[in-house]
Trainee: 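The structure follows.
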Amino acid sequence: MDTTDEPIETINQWQEWYQRHRVVAEVDQPLVTKDSRESMHDTSKTTTTLEGSNNLLTDYCTAMSFQKAKEYFADTIAEFANELSGKELYKAFYAAAIDNMDCVEKEYNKAKQLVDMLRCNNVAP
């Protein structure tokens, strides 16, 4: 986009460029072009009953969490692809899972100890 000495011409050029390159976000994937929104109007998978609607929010949250985890894992793989072999990357993932399990186990044990003391009304050490 060229700029000119006349401010109004620059504004007009910018508005024309913006109208040609406008991006409209999808509900589930931001920055998808307006042309791809046609899939939002596909009614081939609609139903007339409310079967399964009680799990709709849970299914949506699970799908979004899955997508987020997938993106994080893809970023991690891309970051270390040239530095670690597949086996080393697997070992790192396994070690992180073990560390996470140990941390959660310690938190669980502290919570269990507190609950056990409160159940017995024995709060003294």
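Numbers for residues simply follow the sequence, beginning at 1.
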Trainee: Please list, chain by chain and in numerical order, all residues satisfying side chain to side chain contact (heavy atoms under 4.5 Å, CB included) with Lys70, sequence neighbours excluded.
Mentor: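 Lys70 satisfies side chain to side chain contact (heavy atoms under 4.5 Å, CB included) with Phe66, Gln67 only.
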Trainee: Taking distance alone, no hydrogens or angles, what donor-acceptor pairs closer than 3.5 Å link side-chain atoms of residues 103-114 to residues at least two apart or in another chain?
Mentor:
unit_1	atom_1	unit_2	atom_2	d
Asn109	ND2	Glu105	O	3.3
Lys112	NZ	Asp116	OD2	3.0

Trainee: How would you list, by chain and number, every residue that makes a ring pair (Phe, Tyr, Trp, His ring centres under 6.0 Å) with Phe73, sequence neighbours excluded?
Mentor: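 Testing Phe73 for ring pair (Phe, Tyr, Trp, His ring centres under 6.0 Å), a comparison that skips the adjacent residues, returns Phe93.
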Trainee: Quick one: which residue pairs count as a side-chain hydrogen bond (donor to acceptor under 3.5 Å, both in side chains) with a foot in residues 93-103, not counting sequence neighbours?
Mentor: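 Qualifying pairs: none.
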Trainee: Return the set of residues passing side chain to side chain contact (heavy atoms under 4.5 Å, CB included) with Ser85 (not counting sequence neighbours), or none when no residue passes.
Mentor: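 Residues passing side chain to side chain contact (heavy atoms under 4.5 Å, CB included) with Ser85: Lys87, Glu88.
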Trainee: If you round to the nearest 0.5 Å, how far is CD of Glu16 from CG of Asn12?
Mentor: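 The CG atom of Asn12 sits 6.5 Å away from the CD atom of Glu16.
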Trainee: Other than Leu84, which residues form its hydrophobic cluster under the rule that side-chain heavy atoms must be closer than 4.5 Å?
Mentor: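 So far as hydrophobic clustering goes, Leu84 is joined with Ile77, Phe80, Leu89.
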